[in-house]
Peer 1: 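Take a look at this one; I'll ask things after.
By convention in this document, chain letters (A, B, ...) are assigned in the order of the sequence lines, proteins followed by strands, and residues within each chain are numbered from 1. Note that the structure is predicted; figures quoted are calculated from it, not measured.
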Amino acid sequence: MTTAFGANAPEAVNNRENWGGIRMSDQKEQKADRTVDLLSEVCPYTFVKSKLELEQMETGQILQIHLGNSESASNVPRSVDLEGHEVLSVDQTEPSHWVVTVRRA
Amino acid sequence: MALNDQQIYRYSRHILLKGVGGTGQEKLLNSRVLIVGAGGLGSPVSLYLAAAGVGTIGIVDADEVDLSNLQRQIAHGTSDIGRSKVDSAAEQIAELNPDATVEKHPYRLSAENARDLVAQYDFIVEGTDNFPTKFLVNDACVFASKPASIGGILRFEGSTMTILPGEACYRCVFRQPPPKDAVPTCAQAGVLGAVAGMLGTVQATEALKYLTGVGTLLSNRVLSFDALSMEWRTVRVKRDHKCPVCGDNPTITELVEYEQPACAIRPGEGISQTRDEHQLSGVR
């Protein structure tokens, strides 16, 4: 299911109770400066489009990435990390919905 | 964001690259590269730059496609024989990538037009088959403070260097064209077609590195390879303060055109990459 997210994601996507991602930090919930809906995208375009978003942001800003498949949920955080950004959390909020929160380097 | 969805997909493998990204891709789309010679080297250079999304590609070549070109000049096809090379290359580029606009210059680069022409571009790739043009491109780029890749191939070998303003120029390494009798004719020399691809892709890579700002350019170095042994080597060179064109007291202050080797101006020969010795390999 593709959802159009505004500047702030719905509370539900920040729910960590169903977390099944590969890593999760103890960082407090961060308000996203930007949110990108990539639920219908697959690799490598999930990372390509995440990177394009990050390029338009300022250092220290928070990007929330919504992903719709497990391959992307494992690849995007790794690729974002290799680019030097900080992956704050990876949360699985629904069976086919992951939320990756990144602080731009 | 200047990139549209089609462009994000088309250039996704560039965008993925660390140091390139969408920012680098936009730089390429806004770049202007001049390719001197649409032959063995100019073919892969123009095709890779077009595929990479270099927005404007100028091509200088006065020649028409000859059957003997097709063994290596992959921007042209059998049905292009007799057509202008700039037309033929422009057509293939348009098919490859509509983002790339070709500016056709269907004439010889000369002392009269070289400086104005190079001044219109961000980077110049020289891939002709003759020394006079290599010196002309070098001098024009020095005068106009433009970066360039100069390359040459012959038989199984290729050599290239990248010149940047303030760094070693072609004339710092090679003072003037070699004596004519030292240069094999087109009929004598020959070249393995794929060697043109090997060197042309090195030159295209240098252009893309310069335009995106990634990596270290092949400046103050001459790269040469021998495809027979597949040995590659890099020789360090440095700017010569006594260089007649870029030195402290230059003696060459205007563009000069050296006489073409005899076979270059013989009609019906099919001007081709095979003709001349590439002086860049003279440093070995």
Peer 1: Quick one, B/Lys85 and B/His76 - any side-chain contact, counting heavy atoms below 4.5 Å?
Peer 2: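 The answer is yes; the side chains approach within 4.5 Å.
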Peer 1: Test side-chain contact (heavy atoms from CB on, under 4.5 Å) on B/Lys209 and B/Thr162 and set out the steps.
Peer 2: CA-CA 11 Å; B/Lys209 282 163 57 186; B/Thr162 298; over 6 Å; no
Peer 1: Would you call the rings of B/His105 and B/Tyr121 parallel, tilted or perpendicular, where under 30° means parallel and over 60° means perpendicular?
Peer 2: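 B/His105 and B/Tyr121: perpendicular rings.
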Peer 1: Could you look at B/Tyr11 and say if it's the side chain, the backbone, both or neither that has a heavy atom under 4.5 Å from chain A?
Peer 2: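 Contact with chain A involves no heavy atom of B/Tyr11 at all.
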Peer 1: Relative to chain B, which segment of A/Leu82 carries a heavy atom at a distance below 4.5 Å: side chain, backbone, both, or neither?
Peer 2: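 Interface part for A/Leu82: backbone (N, CA, C, O).
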Peer 1: Below 4.5 Å from any heavy atom of chain B, which atoms of A/Glu41 appear? Answer side chain, backbone, both or neither.
Peer 2: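 A/Glu41 touches chain B through side-chain heavy atoms alone.
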Peer 1: Please walk me through it: do A/Asp37 and A/Lys49 pass salt bridge (Lys or Arg N to Asp or Glu O under 4.0 Å)?
Peer 2: CA-CA 10 Å; A/Asp37 174 2; A/Lys49 294 192 173 184; over 6 Å; no
